[in-house]
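Proteins get letters first, then strands, A, B, ... in listed order; numbering begins at 1 in each. Please read these numbers as outputs of a predicted model, since none were measured by experiment.
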Amino acid sequence: MSDSKAMTEAELIERFQSRIDDEQKIEPKDWMPEGYRKNLIRQISQHAHSEVIGMQPEGNWITRAPTLRRKAILLAKVQDEGGHGLYLYSAAETLGVSREELIAALQSGEAKYASIFNYPTLTWADIGAIGWLVDGAAIVNQVSLQRTSYGPYARGMVRICKEESFHQRQGYEIMLALSRGNEAQRAMAQDSINRFWWPSLMMFGPHDAESAHSGQSMKWKIKRQSNDELRQKFVDQTVKQVEVLDMTLPDPDLKWNEGRGHYDFGEIDWEEFKRSMSGGGPCSRQRVAHHVKAHEEGAWVREALRAYQKKQKSQADKAAA
Amino acid sequence: MTQDNLHLFEVFIRSKRGLDHKHVGSLHAEDPAQALEYARDVYTRRSEGVSIWVVNSSDIHASQEDDSESFYDPMDDKPYRHATHYVLPDAVNNM
């Protein structure tokens, strides 16, 4: 503490960067550059918002899940997402930002969340596709983030990855059941893959060359692998999985490249990505409006908690007097 | 000599950057600053830590062992929260 004060800004930056280069974690009470703090708050809160907003498209099917088992599984999954949002908000709060500020930024549209959750869940197969593809893509990203340089974020990621392992498998299991079903069920599953494949690839963000925050984030080791590297990893692992379903991915350019040792794939529609990110996705307004509504409708619960606590305290004070 | 007026503190140590603080024990001290110094002397003599937390023991609210049945019971019948619950073909089972 005292030695931080004696050091110049340049020395502090040097010590900070050498810690990171040395694969040491940065912890909440350490000195850190303002840019690092801001960048982390942006990324962690965006991640937290995604977990919480992501509860909506899946929650849409809880009452209509085809069996009691599927309903229980979906409930458990949506419950996990809420928990993951909490872990991440708490990690962001260690950087000196309050929960109220984070929620306000989400509700005003200032903060972003994963654009994938602005797409509607039209059929039961979408619940399968989300678990398998969307959570699958999220896991590829989160496994990499277990090695992020900020201690609380890295520890949150370890916990989330451990809990998340069932999400992708339950999604794939839904797709597997549909793929072995009748023609209508197979068509429903294929339609869902067709709609969710490209938005899943968009989850990794812009190409490395066009990613606004990437360079600095890599130097600070907030991100450990680039958007394009992670996207490639996801494509490579998914091709085999879609073959087992005996279905296809909606990309005529998808083919194995022997020279690269990876699958080549077509170009993403970046105009759609931008539209969806800036609030023009099919359900963008609905998602935020629902969050605001749920928050406002929960006000009486928070009031009741405060009133109860006040009452308890006054009773305790009376007993002590 | 009496410790009647000294507060009880719980001590948590982070052994290495990146790891959680872990409870290591407790000690008596007059105030948090003194507790930190005692904790350093008692619990990190062999460089066991890079960061110490001390917390007033009276500030720790704990769940009760006796309640554990009703407290945790709802978790026992939800095997589907575990990845192993889902049986997938061998070709994709490393998911």
*Side chain, backbone, both or neither: which part of A/Ala72 has a non-hydrogen atom closer than 4.5 Å to chain B?*
both
Check: every donor-acceptor pair under 3.5 Å linking chain A and chain B:
residue	atom	partner	partner atom	Å
A/Gln24	OE1	B/Arg17	NE	3.4
A/Lys25	O	B/Arg17	NH1	2.9
A/Glu27	OE1	B/Arg14	NH1	3.4
A/Glu27	OE1	B/Arg14	NH2	3.1
A/Glu27	OE2	B/Arg14	NH1	3.3
A/Glu27	OE2	B/Gly18	N	2.8
A/Asp30	OD1	B/Arg17	NH2	3.3
A/Asp30	OD2	B/Arg17	NH1	2.5
A/Asp30	OD2	B/Arg17	NH2	3.4
A/Arg69	NH2	B/His85	NE2	3.3
A/Gln79	OE1	B/Arg81	NH2	2.7
A/Arg155	NE	B/Asp20	OD1	3.1
A/Arg155	NH1	B/Gly18	O	3.0
A/Arg169	NE	B/Ala83	O	3.1
A/Arg169	NH1	B/Asn93	O	3.1
A/Arg169	NH1	B/Asn93	OD1	3.3
A/Arg169	NH1	B/Met95	O	3.4
A/Arg169	NH2	B/Tyr86	O	2.7
A/Arg169	NH2	B/Asn93	OD1	2.8

*State which residues pass side chain to side chain donor-acceptor pair (under 3.5 Å) with A/Gln185; sequence neighbours excluded, sorted by chain then number.*
none
_Contacting region of A/Leu176 [heavy-atom separation from chain B under 4.5 Å]_ = side chain
